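Below is one structure, written out as structure tokens; comments come after it.
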Amino acid sequence: MTEEIIISTIKKNGLYFAVGVSNSTNKIVKISLPKSDEEEVISAILKQYPDFIISDEYNDLAWKISDIYEGKEVNIDLEMFDLRTDKSNRELPLKSHFMKIVLLETCKIPHGKVETYKNIAKKIDSQAYRAVGTALAKNPFPLIIPCHRVVKSDYSIGKYGGGSEMKKKLLKNEGVKIKGNNVVKK
DNA sequence: TCGATGGCTTGTA
DNA sequence: CTACAAGCCATCG
């Protein structure tokens, strides 16, 4: 059977949130960062998964994601995500084992805390801090896997898929002190 | 397969 | 403080 993606979208405070779930595995395959245009959040998912159905089936999940966006601490079971990797299948959400362990390590960063790209690399026993950045850039589950909590070694904010302004906002919302373009160390 | 390309880091000025 | 170069390593075409 061909894989279809069930997409649920919600609107909150003028922003659209979207989540994509595979109907063959029942696992989440993609989360979009919020946008003010509904078609844009949806097409962010369609780039990878053109075969889709719109449904409100996963609206609850989308609401939870919007809560995280606002800085709330929300626990979501990683079991709900498609975390498979397979070199011969480039269609999977995670493209490599390296990417997987980077994302899992990123999940360990507590709400309201930050970690550096270099330190993430160190924790997974790697020197590839630059590749940590590129792996996080491809994080299919932003907000849930808190790549916004990873900053540069000098504690400047670093880049973000939704722009560094959004990254700063997310961190501020969860209580991280920001001054200018830097996280204030405690 | 191999060069180009990054959500990076460090050193130098 | 800013700017830039060189080094780095996984990924992509």
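Every chain is numbered from 1 and lettered A, B, ... according to where its sequence line falls, protein lines coming before strand lines. What you are looking at is a predicted structure, and each value in this text was computed from that prediction instead of being measured.
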Interatomic distance, A:Lys122 NZ vs C:dC9 P [rounded to whole Å]: 16 Å
Rounded distance in Å - CD1 (A:Ile120) to P (B:dG6): 22 Å
Neighbour count >12 (heavy atoms, 6.0 Å) for atom CG, A:Asp154: yes
Nucleotides 8-13 of chain B: protein proximity per nucleotide (B base, S sugar-phosphate only, - neither; heavy atom, under 4.0 Å): BSS---
Salt-bridge present (A:Asp82, A:Lys27; N to O < 4.0 Å): no
ring-ring contact (aromatic ring centres under 6.0 Å, His included): pairs with one or both residues in residues 95-127 of chain A, sequence neighbours excluded: none
Length of the NE2-P vector between A:His148 and B:dG7, whole Å: 18 Å
Length of the CG-P vector between A:Leu94 and C:dT11, whole Å: 11 Å
Runs of at least three consecutive pairs that involve DNA chain C, where pairs are Watson-Crick or G-U with distances under 3.5 Å: B:2-6 with C:9-13, B:8-13 with C:2-7
Atom-pair distance (CG on A:Asp86; C1' on C:dT11), nearest Å: 16 Å
A:Ser66 and A:Lys12 side chains, donor-acceptor separation under 3.5 Å: yes
Test applied, side-chain contact (heavy atoms from CB on, under 4.5 Å); reference residue, A:Phe81; option that passes from A:Leu103, A:Ile31, A:Leu94: A:Ile31
Heavy-atom closest pair, residues A:Asn23 and A:Ile6: CB-CD1, 4.0 Å
Write out a two-atom table: protein N or O, nucleotide N or O from nucleotides 1-5 of chain C, distance below 3.5 Å.
none

By ring pair (Phe, Tyr, Trp, His ring centres under 6.0 Å) - contacts of A:Tyr49 (at least two apart): none
A:Glu70, CD atom: more than 12 neighbouring heavy atoms under 6.0 Å: yes
Residues from residues 167-179 of chain A lying under 4.0 Å of DNA chain B - heavy atoms: A:Lys167
Atom pair CD1/CE of A:Ile144 and A:Met80 - distance to nearest 0.5 Å: 8.0 Å
